[in-house]
Amino acid sequence: MLTAILCVLGLIAGAAHGEVEAFLGALAGLAAGLWVSARTAARERAVQDRLRELDDKTRWLYEALKARPAATAGPEATSTVPDEAAAPAGTEAAPAVVAPAAVSTQAAPLDALHAEGVRVSARPLPPAADAAARDDLTRPLAALWSRLMGSNPLARIGVIVLFFGVASALRLAARAGWLPPELRLAAAVATGVAMIGFGLRLPGDGPRRMFALAIQGGGFALLYLAVYFALARYGFIGPAPAFLLFAALGVACAVCAARQASQVLALLGLSGAFVAPMLASSGQGQYVVLFSYYLLLDAFIIALSWRRAWRALIFAGFLFTFAVGAGWGLRSYVADDYLVVQGFLIAFFVLFTATHVAQTVLRAPGAAGWQSGSLLFGPPLAAGVLQAALVQPYEYGAAISAALAGLYYLGLAGLLRSRAPDETLTFRAHAGIGAALLTLAVPLAFDLQMTAAIYAVEGAAALWYGCARASRLTLWAGAALQGAAGFWLAASLDTLTVAWPLLNGRTLGCLLLAGAALSSVRVLRQTGAGADWLPKALTLWLAGWWLFGGLADIDDFVPHDLQPAIALLFGVASAAFSEQQGRARDFITARALAALTLPVLWAGSLLAWDQHDHLLYGAMALALPLAWATHLWVLRRQDEDGAALLNTARHIATAWTLLLSVGIEAGGWLTDWLPGQDLWGWLVWIAVWLTAGRTLQSALSAGGENSKAWPWAAAAEAYARAVLWPVAGLLLLTVVALQFGHNGGSALPYLPLASALDLASVAALLWLARSGLLPRPLVGAAGLLWVSALAARSVHHLAGVAWSATAMFQSTLLQATLSLTWALTALALMMYATRRGVRTLWFAGFALLAAVGAKMLMVDLAGAGTVEWTGSLLGIGALILIASYVAPVPPGTLPDGKDTR
């Protein structure tokens, strides 16, 4: 129910400022209510768990005591087996075996479970315990639903709706001129008094009690509303009588709430008092009355909290005060209001900060209500936001405010240290807030660059001190200060003057941040303090600032043409240093940073390509080989040490990066040297794939001289699966694409079988056929395609047939040449198959020969009677006769009995 109340109150508080503010206010109230409800439900759940544990132990004790007589009945009940000979004649010897006491493992102590004569029961959990175990996930939601809907929620909701209904009726009556104002206020007062009296006289417990409390809270809220209308809207009473009435109402509400021990009554009554000014507002901006009124209400809350630990009430007062103050400041504040508003802000700040310390020092009964992070850190944060807006016109206003607030918190910490030495957590919190505020005063008084320097040094020193004194708070404060230093330096980058390389504020700031982080990483690793991930995070932090500072100077001061080379050398040199330090100090995070040499290579290569359309151009001709050497050095060292840094993936990526770099660079230079001759660019890729395939197959073959050498031995299976086979596929695709896409023309005259295109294609197809990496029928089909393309290129260059699909298909010369070429190919296959005794290859040649015959009947017949057609018939017939003589069908088995299929 508290969640619903805070949500509605947040909605109304925000509605006074606008629709968006109403939505945000409702969300804030909902979040606050859910948080409080969750905390309360957690406490109740802990109590229920303890009660359930006690019940289980009681049940176990009962079972153990119940089984004890059978186990200790005396000698007659022991498990001794009588002698069979001593048994009377005609009877069986029945040993008196007594079962040991069975106990449950759910609540039994460990010593009881291992006691003599006790066995662990294998029976399932009791139904109640089993249900409790099943409900562990649903219990928080059920508890929250119970708090929302239990204890007569309709009464509370009805009171809230009634309160706002009365307020709306008063405003409508005022606008329409219905009834005199005196009569309206009298009716509101009478209604409020009647509700309070009725609630006080209503007996009963449970839902009836909650109904009575809700009625009383609504009555007090209506009285607050009536008094505020009489003061701020109609002027029937002056400020002094009004505040006397407010005080009387506050005392009465506090007394009723205290007597009935009801936080709900206090929350309803005082929340209605907080909302009353917004409902009665006429837009005249009487902020002195408003803030004095809220100060009085907060004083009532402080008074109630002195005896009662009503955290929700304190938090509601703080939330209302901050929300209304911020809304009024955004809408109505002017510079002439500074002194008065500043005084109220200081009063609210002191009220919500000093009370906590005062109650802790004086051991007030309600001090537990202030033990909350939101009530400890919320007031300085909220007051800081408002104070920053107030002192914005003054140059050093924010710095002075932060310094004074820091000294104030340090004074509170000193008071806690001297008067309540056992409250160490509260003391550390106040001391930390004071130190943070004093530190914050530095950037507010000086420039951002100086702030970053002070933060970095202070953060490294604080982290070292925290490690040395085993103070986690100081350690984490030091890490946070270094983060703040980075924030301030990043914020000041646009304002810094960068006149000299290295000797400028930006670079020095980055070096300072990286140095402080490096010092902190070493301290953390030496002492083992802090979380395991903190040295890793600080290592990434220092690497980021180091690289940013260096690359920024390169971008500003290095000539444009040299920037890719210098940046690449800077990156790989940093990686080499990181690898050296990581290996020497056994720090895997540093070695992981060194493993990023390959992305550095990518970045440097892309920059060079973007500028010059080449990788090896100018200074990059020196920088890129050095970068590759560094990358391979790092990779080999980490392979030797067994560092699990995605080494296999890096091997594969390295291989493909090298292949692509060589192909792109070689093709680019050939294009520049031989403009308009694109054939050489294609041949470069055939050379790259063929060389890589042959090298990898030779290195990875079992028993090869390089099979145990680095890098092949480090990831042999991955090289075969992810490099060798894809390279073979790309080689085949390149050869096939080249047959379709190029006529073989180049700077040299075209000679069939002797041209660069045909030589490269033959070399690639022969290696693919011998390697066995791809299916042989696929390689054979590619070979037939090359033979066909060879015939087409020969006809194009030697007979002048146009290089187009239409002209080639209509050329009788090409058709005859294709038929003869295919027939020769078939004859060669059949002869080779006969000699080797491979029947499958022989039938493949025979199928090709049959295809030649089908082609002559369906295609070449269109040119019947021509010289080309006649020549092809004679030639093919002769070839078939020759094939029948020199290439008969191989036998099914060889003489040694081997199958020739």
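In this chain, numbering begins with 1 at the start of the sequence shown.
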Legend entry - pair E717-L700: side-chain heavy atoms closer than 4.5 Å: no
Legend entry - Between Q697 and W767, a side-chain donor and acceptor under 3.5 Å: yes
Legend entry - Verdict with supporting geometry, D641 and R591, side-chain contact (heavy atoms from CB on, under 4.5 Å): CA-CA 11 Å; D641 295 342; R591 305 195 75 180; 3.0 Å; yes
Inset, instruction - Return yes when atom OH of Y617 has more than 12 non-hydrogen atoms of other residues, nucleotides or ligands closer than 6.0 Å, and no otherwise. - result: no
Inset, instruction - Begin with the C-alpha distance, continue with both residues' side-chain angles, and end with the deciding distance and a verdict on side-chain contact (heavy atoms from CB on, under 4.5 Å) for F577 and V572. - result: CA-CA 9 Å; F577 176 76; V572 296; over 6 Å; no
Inset, instruction - Look at E579 together with R583 and state whether they make a salt bridge at an N to O cut-off of under 4.0 Å. - result: no
Inset, instruction - Taking the side chain as every heavy atom from C-beta outward, state whether V727 and L659 have any pair of such atoms under 4.5 Å apart. - result: yes
Inset, instruction - Would you check, one step at a time, whether the test side chain to side chain donor-acceptor pair (under 3.5 Å) holds for W602 with T657? - result: CA-CA 8 Å; W602 294 341; T657 302; 3.0 Å; yes
Legend entry - Chi angles and distances behind the side-chain contact (heavy atoms from CB on, under 4.5 Å) call for W680, L683: CA-CA 5 Å; W680 302 104; L683 297 182; 3.7 Å; yes
Legend entry - Validation row: T589, P535 side chains within 4.5 angstrom (heavy atoms): no
Legend entry - Non-hydrogen side-chain atoms of W476 and L534 separated by less than 4.5 Å: yes
Sequence neighbours excluded and cut-off under 3.5 Å, please list the side-chain donor-acceptor pairs for residues 776-787, or say none.
unit_1: W786; atom_1: NE1; unit_2: D758; atom_2: OD1; d: 3.2

Legend entry - Pairwise side-chain contact, W545 with L489, heavy-atom cut-off 4.5 Å (strictly under): yes
Inset, instruction - Taking atom types as modelled, find out whether W682 and T734 have a side-chain donor-acceptor pair closer than 3.5 angstrom. - result: no
Legend entry - Q739 side chain to R793 side chain, donor-acceptor N/O pair below 3.5 angstrom: yes
Inset, instruction - With the side chain counted from C-beta on, respond yes when L607 and M620 share a heavy-atom pair under 4.5 Å apart, and no when they do not. - result: no
Inset, instruction - Could you walk me through whether V521 and L524 pass the side-chain contact (heavy atoms from CB on, under 4.5 Å) test, one step at a time? - result: CA-CA 5 Å; V521 169; L524 287 169; 5.6 Å; no
Legend entry - Beyond-backbone contact of L511 with W546, side-chain heavy atoms, under 4.5 angstrom: yes
Legend entry - W712 ring center near H651 ring center (under 6.0 Å): no
